[in-house]
Amino acid sequence: MILEDTVADTVDAVVVRSTGGPEVLEFDQVDAPTPGAGELVVSVAAAGVNYIDVYHRRGVYPMPLPFTPGSEGAGTVVAVGSDVTGFAEGDHVAWCAAPGSYAKRVVVPATAAFKVPDGVEDEIAAAAMLQGITAHYLVTSTYAVKPGDTVLVHAAAGGVGLLLVQLAKYRGGKVIGTVSTAEKEALAREAGADEVIRYTETDFAEAVSSLTGGVGVAAVYDGVGRTTFDGSLKSLARRGVLVLFGASSGPVPPVDPQRLSAGGSLFLTRPTLAHHIATPEEFQWRCDELFSAIAAGRVSIRVGDRYPLADVRKAHEDLEARRTTGKLLLLP
């Protein structure tokens with residue numbers, strides 16, 4: 001069923017026709033989507049900007065060309081396909097796995113949509129989804145933070161970083177964060193970080209050793225990659241876990257597994273979101289826990305910057321230059 005007043009032949013969208021830098025992001029018109037079986041069409045109120053979008057744009061994670069980037073957002077359902085239950089036109093929903101979200105309208109599988117609780121604004125819902133669920137699986141499933149654990153969070157003032165700090169603290173952990181500036185240090189401390197290291201001024205591995213009395217940390221949550229990897233390994237306690245969940249500084253070169261043994265029988269894992277929301281039940285569970293934490297005030301969502309959809313290039317430039325804190329949103 002489709003609301004009559006929402007029908008349009010074309011809609012605004014960002015299109016990538018060749019891989020490369022931010023200049024390949026084109027603001028254009030595309031055919032308006034229609035829902036198939038099991039699908040919703042949503043009018044996008046806000047789309048999240050994430051580093052995986054950069055990887056897609058660069059061709060690090062190849063996508064069929066042309067394509068519209070983005071997988072995350074929130075908005076209002078304007079059309080419901082057949083075989084869909086539990087959703088209706090006018091519902092506010094959020095998602096983190098709907099390709100083509102840098103657009104005014106997007107098709108969202110009903111199994112990938114979460115009905116936003118009353119009182120939560122679309123922008124907060126969009127900002128919470130991908131990074132919030134990522135932080136949730138990292139601290140509950142990849143390395144489950146326990147009371148008394150000390151963990152290291154890189155880029156602690158970034159979108160995922162701020163959420164990791166808050167969720168790890170809620171689970172009883174002590175958090176050491178790394179940041180690049182005084183402004184970002186203040187944000188990390190506000191989120192609850194017990195200690196903050198400015199990696200631009202000191203060797204973070206040496207600082208971690210000093211802060212932990214030479215013991216090291218139980219886990220490192222590292223979304224930076226190439227430039228932090230060696231120091232992250234050095235920061236771990238015996239049998240510690242290096243959680244490599246991103247590569248904003250570039251991919252890590254091949255690793256000799258013997259380094260894990262020499263470092264103290266260490267563990268290295270490279271998790272990804274898709275494997276942690278592989279069933280509708282797990283997706284719903286993580287969303288419920290995340291939004292319950294938001295409603296209870298245990299987690300605060302920081303929207304760092306908002307950009308009109310037409311300014312998508314600027315959003316990517318700012319993200320890659322690490323000029324950002326918190327979440328970046330595109331507003332169609």
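Here, residue 1 is the first one in the sequence, and each next residue gets the next number.
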Ignoring hydrogens and angles, write down the donor-acceptor pairs under 3.5 Å from the side chains of residues 114-125, residues two or more places apart or on other chains.
from : atom 1 : to   : atom 2 : distance (Å)
K115 : NZ     : G86  : O      : 2.8
D122 : OD1    : H92  : ND1    : 3.0
D122 : OD2    : H92  : ND1    : 3.2
E123 : OE1    : R306 : NE     : 2.5
E123 : OE1    : R306 : NH2    : 3.1

Could you tabulate the donor-acceptor pairs under 3.5 Å formed by side-chain atoms of residues 160-174, not counting sequence neighbours?
from : atom 1 : to   : atom 2 : distance (Å)
Q166 : OE1    : S300 : N      : 2.6
Q166 : NE2    : L162 : O      : 3.1
Q166 : NE2    : S300 : O      : 3.1
K169 : NZ     : D194 : OD1    : 3.0
K169 : NZ     : D194 : OD2    : 3.0
R171 : NE     : V139 : O      : 3.1
R171 : NE     : V145 : O      : 3.1
R171 : NH2    : V145 : O      : 3.4

Q | Salt bridge flag under 4.0 Å for residues D149 and K146 | A | yes
Q: Could you go through the side chain to side chain contact (heavy atoms under 4.5 Å, CB included) check for I176 and V196 one step at a time?
A: CA-CA 6 Å; I176 302 171; V196 180; over 6 Å; no
**Q.** salt bridge (Lys or Arg N to Asp or Glu O under 4.0 Å) partners for E317, two or more places apart
**A.** none
Q) Which pair of heavy atoms, one from A79 and one from E89, lies closest together, and at what distance? A) N-CG, 4.2 Å
Q: Heavy atoms only: give me the nearest P332-L309 pair and the separation to one decimal.
A: CA-CB, 3.8 Å
**Q.** Any F267 side-chain heavy atom under 4.5 Å of Y143 side chain
**A.** no
Q. Got a sec, which residues hit ring-ring contact (aromatic ring centres under 6.0 Å, His included) with Y55, two or more places apart in sequence or on another chain?
A. Y51, Y61
Q: Heavy atoms only: give me the nearest L290-A128 pair and the separation to one decimal.
A: CD2-O, 3.4 Å
Q: Of all the heavy-atom pairs spanning A13 and A103, show the shortest one and how long it is.
A: CB-CB, 3.7 Å
Q: Mind listing the closest non-hydrogen atom pair of V179 and A188 along with its distance?
A: CG1-CB, 4.2 Å
Q.
Among residues at least two apart in sequence or on other chains, which ones pass ring-ring contact (aromatic ring centres under 6.0 Å, His included) with H56?
A. none
**Q.** side-chain hydrogen bond (donor to acceptor under 3.5 Å, both in side chains) involving S101 - partner list, sequence neighbours excluded
**A.** W95
Q: Consider only side-chain heavy atoms of I, L, V, M, F, W and Y, link residues closer than 4.5 Å, and tell whether I294 and M129 are in one cluster.
A: yes
Q. Do any pairs count as a salt bridge (Lys or Arg N to Asp or Glu O under 4.0 Å) and have a residue in residues 10-20, sequence neighbours left out, and if so which ones?
A. R17-E26, R17-D28
Q | Qualifying salt bridge (Lys or Arg N to Asp or Glu O under 4.0 Å) pairs with a residue from residues 235-251, counting only residues at least two apart or across chains | A | none
Q: Flag the pair W285 / H136 as yes when their ring centroid distance falls below 6.0 Å, and as no otherwise.
A: yes
Q | Trace of the ring pair (Phe, Tyr, Trp, His ring centres under 6.0 Å) decision for Y137 with H275 | A | CA-CA 10 Å; Y137 84 69; H275 299 146; 9.5 Å; no
Q | Residue pairs involving residues 243-263 (criterion salt bridge (Lys or Arg N to Asp or Glu O under 4.0 Å); sequence neighbours excluded) | A | D230-R259
Q. Quick one: salt bridge (Lys or Arg N to Asp or Glu O under 4.0 Å) partners of R313, sequence neighbours excluded?
A. none
**Q.** Set of side-chain hydrogen bond (donor to acceptor under 3.5 Å, both in side chains) partners for S292, sequence neighbours left out
**A.** none
Q. Would H154 and F204 count as a close aromatic pair, with their ring centres under 6.0 Å?
A. yes
Q. What salt bridge (Lys or Arg N to Asp or Glu O under 4.0 Å) pairs are there with at least one residue in residues 320-330, not counting sequence neighbours?
A. R57-E320, R58-E320, E72-K327, D318-R323
Q: State yes or no: do V80 and V106 share one hydrophobic cluster built from I, L, V, M, F, W and Y residues joined by side-chain heavy-atom distances below 4.5 Å, directly or via other members?
A: yes
